[in-house]
There are 2 protein chains.
Amino acid sequence: MVSQTEPAAGNQTVSNGWDRDLVPDTRGETRHPEPTCPVEVALAAVGGRWTTLLLRELMHGPRSFGQLRAALPALSAKVLSERLTRLALDELIECRRQKGFPSHTVYRLTAAGQTLKPLLIELYRTGDALLRETSAHCGRSGT
Amino acid sequence: MVSQTEPAAGNQTVSNGWDRDLVPDTRGETRHPEPTCPVEVALAAVGGRWTTLLLRELMHGPRSFGQLRAALPALSAKVLSERLTRLALDELIECRRQKGFPSHTVYRLTAAGQTLKPLLIELYRTGDALLRETSAHCGRSGT
DNA sequence: CAGTATCCCTGTTGATACTG
DNA sequence: CAGTATCAACAGGGATACTG
């Protein structure tokens with residue numbers, strides 16, 4: 001048997017006590033939730049209620065404010081506006097306003113915003129795996 | 001040029017209006033933040049302040065309550081206890097209490113908990129990509 | 001050592017109503 | 001149509017102190 005108290009389970013790329021798969025550089029060695037840590041940056045990007053659903057809509061193509069409200073009817077205008085404002089500040093989306101009346105604005109993902117797609121896919125994959133593992137808590141096959 | 005108003009950018013696996021890379025099954029077609037959606041499940045697993053740092057520690061191997069406090073000194077006992085309790089309820093970690101005094105408990109990831117590792121790696125990768133893209137907002141190379 | 005119990009403060013969310 | 005303003009309700013997190 002291997003010693004299991006310290007050097008951890010199945011990591012081969014350990015350097016200086018850190019698993020370099022998990023913590024590739026010093027920004028991941030923090031002992032505090034630093035906003036500069038890449039993990040925190042990514043979580044902040046997709047964080048907040050409704051954000052992933054909103055991103056899903058925008059991944060399907062540019063959408064207007066009204067289209068987004070129609071796609072997510074229970075999302076209030078206030079929260080939608082807040083999410084869009086923050087995503088725009090983070091440069092994950094861009095908005096184009098058509099001048100005139102009634103006003104019309106189209107939101108679309110930036111190149112940076114598109115980089116979130118693999119993360120959303122991984123979130124789905126992981127959540128699916130967790131649901132399978134915990135629903136299969138005891139039994140392994142049917143019956 | 002391709003039409004860019006509706007069928008979205010670069011998705012080839014579109015079915016019934018959904019991008020099947022992003023929304024592989026009906027659980028992802030929700031118009032509301034359902035707790036049963038895999039994406040919500042995964043976000044709930046890693047969500048909450050300190051959680052990813054705590055998971056990082058546990059990915060490096062089993063740890064006691066005190067070891068976790070030492071590794072994350074600014075994390076209060078209350079929040080640490082809350083996180084551990086929730087992770088245990090979600091069956092992402094297990095705890096073993098040594099009977100006797102002073103008491104001693106060791107926490108370790110379950111198989112389900114280990115499945116979060118690829119997600120944490122993807123979060124790091126994505127956050128790193130976002131930091132590169134936004135810091136390179138205008139210039140492409142050093143002057 | 002390993003937690004739990006309080007208290008408080010702040011940020012987030014949602015409902016409703018109003019404006020350009 | 002596309003938002004903003006205001007307010008009420010709630011949950012999350014931290015400081016401190018206490019217990020088995």
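Just so it is clear, the structure is predicted and the values come from calculations on it, not from any experiment. In what follows, every chain begins at residue 1, and chains take the letters A, B, ... in the order their sequences are listed. Atoms considered below: every heavy atom in the structure, side chains included; atoms not considered: hydrogens, waters and symmetry mates.
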Undergrad: Go through the side-chain N and O atoms of B:Tyr124 and A:Asp21 and say whether any donor and acceptor fall under 3.5 Å apart.
TA: no
Undergrad: Whole angstrom is fine here: how far is it from CG in A:Leu80 over to P in C:dT13?
TA: 13 Å
Undergrad: Report the residue (A:Pro33 or A:Phe101) whose heavy-atom-nearest nucleotide on DNA chain D is the more 5′ of the two.
TA: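 It is A:Phe101, whose closest nucleotide lies nearer the 5' terminus.
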Undergrad: Using a 3.5 Å limit on both distances, find every run of at least three consecutive Watson-Crick or G-U pairs that involves DNA chain D.
TA: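 So the stems come out as C:1-20 with D:1-20.
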Undergrad: Among C:dG3, D:dG14, C:dT13, which nucleotide sits nearest the side chain of A:Val79?
TA: C:dT13
Undergrad: Side chain of A:Trp50, heavy atoms from C-beta onward: which of D:dT4, C:dG14, D:dA2 has the nearest atom to it?
TA: C:dG14
Undergrad: What is the distance, to the nearest angstrom, from the CD1 atom on B:Ile93 to the C1' atom on C:dA2?
TA: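 After rounding, the reported distance stands at 14 Å.
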Undergrad: Any chance the side chains of B:Thr126 and B:Glu122 put a donor and an acceptor closer than 3.5 Å?
TA: yes
Undergrad: Please answer whether the main-chain N or O of B:Val79 pairs with a side-chain N or O of B:Ser76 as donor and acceptor at a distance below 3.5 Å.
TA: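 Judged by distance alone, yes, a pair lies under 3.5 Å.
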Undergrad: Does a side-chain N or O from B:Thr105 land closer than 4.0 Å to OP1 or OP2 of C:dG3, or not?
TA: yes
Undergrad: In whole angstroms, how far is the C1' atom of C:dC1 from the CZ atom of B:Arg63?
TA: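 It works out to 17 Å between those atoms.
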Undergrad: From CG of B:Leu68 over to C1' of C:dC1, roughly how many Å is that when rounded to an integer?
TA: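 So the CG-C1' distance, B:Leu68 to C:dC1, works out to 13 Å.
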Undergrad: Are the side chain of B:Asp25 and the backbone N or O of B:Arg27 linked by a donor-acceptor pair below 3.5 Å?
TA: yes
Undergrad: For B:Arg83 and D:dA11, what is the distance between atoms CZ and P respectively, to the nearest whole Å?
TA: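 For the pair B:Arg83 CZ and D:dA11 P, the rounded distance is 15 Å.
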Undergrad: Would you indicate what B:Ser76 reaches in the nucleic acid, counting non-hydrogen atoms under 4.0 angstrom: base, sugar-phosphate, or nothing?
TA: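 Nothing, no heavy atom under 4.0 Å.
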Undergrad: Hey, which sits more toward the 5' end of DNA chain C by its nearest nucleotide, A:Ala77 or A:Arg49?
TA: A:Arg49
Undergrad: Can you check whether A:Arg97 has a side-chain N or O nearer than 4.0 Å to OP1 or OP2 of D:dC1?
TA: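 Checking D:dC1 against A:Arg97, no side-chain N or O comes under 4.0 Å of OP1 or OP2.
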Undergrad: Does A:Arg96 CZ have over 12 foreign heavy atoms under 6.0 Å away?
TA: no
Undergrad: Rounding to a whole Å, what distance do you find between B:Lys78:NZ and C:dC9:P?
TA: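 Result: 14 Å.
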Undergrad: For A:Phe65 and A:Tyr107, take the angle between the two ring planes, folded into 0 to 90°, and tell me which bin it lands in: parallel under 30, tilted 30 to 60, perpendicular over 60.
TA: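 Geometry flag for A:Tyr107 against A:Phe65: tilted rings.
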Undergrad: Please state how far atom NE2 in B:His32 lies from atom P in C:dT13, giving the value in whole angstrom units.
TA: 13 Å
Undergrad: Nearest to the side chain of B:Ser81, which nucleotide is it out of D:dG3, C:dG3, C:dA2?
TA: C:dG3
Undergrad: Is there a donor-acceptor contact under 3.5 Å from the side chain of A:Arg86 to the main chain of A:Ser81?
TA: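 Pair absent, no side-chain N/O of A:Arg86 close to backbone of A:Ser81.
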Undergrad: Check every strand shown and say whether A:Arg69 touches a base, only sugar-phosphate, or nothing at a heavy-atom separation below 4.0 Å.
TA: nothing
Undergrad: Round to a whole Å and report the spacing from NE2 of B:His104 to C1' of C:dC1.
TA: 9 Å
